[in-house]
Amino acid sequence: SQTIHQWPATLVQPVGSPLSLECTVEGTSNPNLYWYRQAAGRGLQLLFYSVGIGQISSEVPQNLSASRPQDRQFILSSKKLLLSDSGFYLCAWKTGVVTEAFFGQGTRLTVV
Amino acid sequence: AQSVSQHNHHVILSEAASLELGCNYSYGGTVNLFWYVQYPGQHLQLLLKYFSGDPLVKGIKGFEAEFIKSKFSFNLRKPSVQWSDTAEYFCAVPGDTNAGKSTFGDGTTLTVKP
């Protein structure tokens with residue numbers, strides 16, 4: 001069966017420090033991968049998506065970047081965190097266009 | 001572009017009350033619609049989905065939703081809620097390009113009082 005792992009679950013980082021959040025998917029090949037940020041009362045904002053290795057599309061201008069070094073690995077990064085980067089980050093995958101999305105447990109990032 | 005809107009941001013009910021959460025979509029092509037649920041401390045998961053056929057779809061835990069094309073709506077219902085239904089609920093459309101970028105509503109937080 002397919003599973004998705006996202007870590008860490010919580011993270012507290014100082015302003016200006018780097019960030020690396022990792023997401024891996026098991027049990028499927030060539031998934032579409034997504035990074036979302038969830039804010040209270042504002043739903044899920046799509047940050048990045050990837051349809052294949054090395055293919056990254058950004059949805060909103062921001063201080064973050066994403067990479068997909070392997071088929072089932074998706075990484076969210078920042079060179080220097082800002083206070084405004086605090087939030088709840090979700091990784092998700094899909095096998096097709098109209099299929100359901102499967103989500104990781106999320107990472108609660110607090111930048112202090 | 002596809003979009004969805006949810007009318008209720010926070011709903012508070014007592015146990016055994018009936019539930020209806022509103023969702024309206026804006027899309028001109030083939031309509032596929034989803035409801036996701038996020039229980040406290042758990043990951044976001046699929047509650048039910050509509051692709052085609054019977055407009056009344058049934059999901060897990062006694063939830064159902066009705067697709068009404070003339071009203072552009074896909075409201076979520078449950079006849080009698082339980083305390084364990086306390087969660088955040090999201091309506092979504094799955095995306096219409098190869099990227100399959102799902103679009104989510106702002107979410108409705110449901111609090112069920114015991």
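Order of the sequence lines sets the chain letters (A, B, ...), proteins ahead of strands, with each chain counted from 1. Everything quoted here is computed from the prediction, not taken from an experiment. The basis for the numbers below is simple: all heavy atoms, side chains too, and nothing from hydrogens, waters or symmetry mates.
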For the residue pair A/Phe88 and B/Gln38, what are the closest heavy atoms and their distance?
-> CE2-NE2, 3.8 Å

Of all heavy-atom pairs between A/Asn32 and B/Gly100, which one has the smallest distance, and what is that distance?
-> ND2-N, 4.2 Å

Please state whether the side chain, the backbone, both or neither of [X] comes within less than 4.5 Å of a heavy atom of chain B.
X	value
A/Gln38	side chain
A/Ser50	neither
A/Glu59	side chain

Can you tell me if CH2 on B/Trp83 sees more than 12 non-hydrogen neighbours from other groups inside 6.0 Å?
-> no

Would you kindly confirm whether [X] and [Y] end up in one hydrophobic cluster when ILVMFWY residues are joined by side chain heavy atoms under 4.5 Å apart?
X	Y	result
B/Phe104	B/Phe67	no
B/Leu76	B/Val93	yes
B/Phe90	B/Tyr25	no
B/Tyr50	B/Leu48	yes
A/Tyr36	B/Tyr89	no

Against chain A, label B/Lys101 side chain, backbone, both or neither, depending on which of its atoms sit under 4.5 Å from a heavy atom there.
-> both

Proximal component of B/Glu88, with respect to chain A [non-hydrogen, under 4.5 Å] = side chain

Heavy-atom pairs under 4.5 Å with chain A are the metric here; pick the option from B/His9, B/His43, B/Gln42 that has the most.
-> B/His43

Just how far is it from atom CG of A/Leu44 to atom CG of B/Leu44, taken to the nearest 0.5 Å?
-> 6.0 Å

Heavy-atom distance under 4.5 Å between the side chains of B/Phe34 and A/Glu100, does that happen here?
-> yes

Are A/Tyr34 and B/Ser102 close enough that some pair of their side-chain heavy atoms sits under 4.5 Å apart?
-> no

Report, by ascending residue number, the residues of residues 105-114 of chain B in heavy-atom contact with chain A at a distance under 4.5 Å; give 'none' if the set is empty.
-> B/Gly105, B/Asp106

Would you confirm whether B/Tyr36, through its side chain, and A/Ala101, through its main-chain N or O, come within 3.5 Å as a donor-acceptor pair?
-> yes

Excluding A/Leu33, membership of its hydrophobic cluster (Ile, Leu, Val, Met, Phe, Trp, Tyr; side-chain heavy atoms within less than 4.5 Å) reads A/Ile4, A/Leu11, A/Val15, A/Leu19, A/Leu21, A/Val25, A/Trp35, A/Leu47, A/Phe48, A/Ile56, A/Val60, A/Leu64, A/Phe74, A/Leu76, A/Leu81, A/Leu83, A/Tyr89, A/Trp93, A/Phe102, A/Leu109, A/Val111

Per-residue tally against chain B (heavy atom, under 4.5 Å) across A/Ser57, A/Ala92, A/Gly43, A/Gly106 peaks at A/Gly43

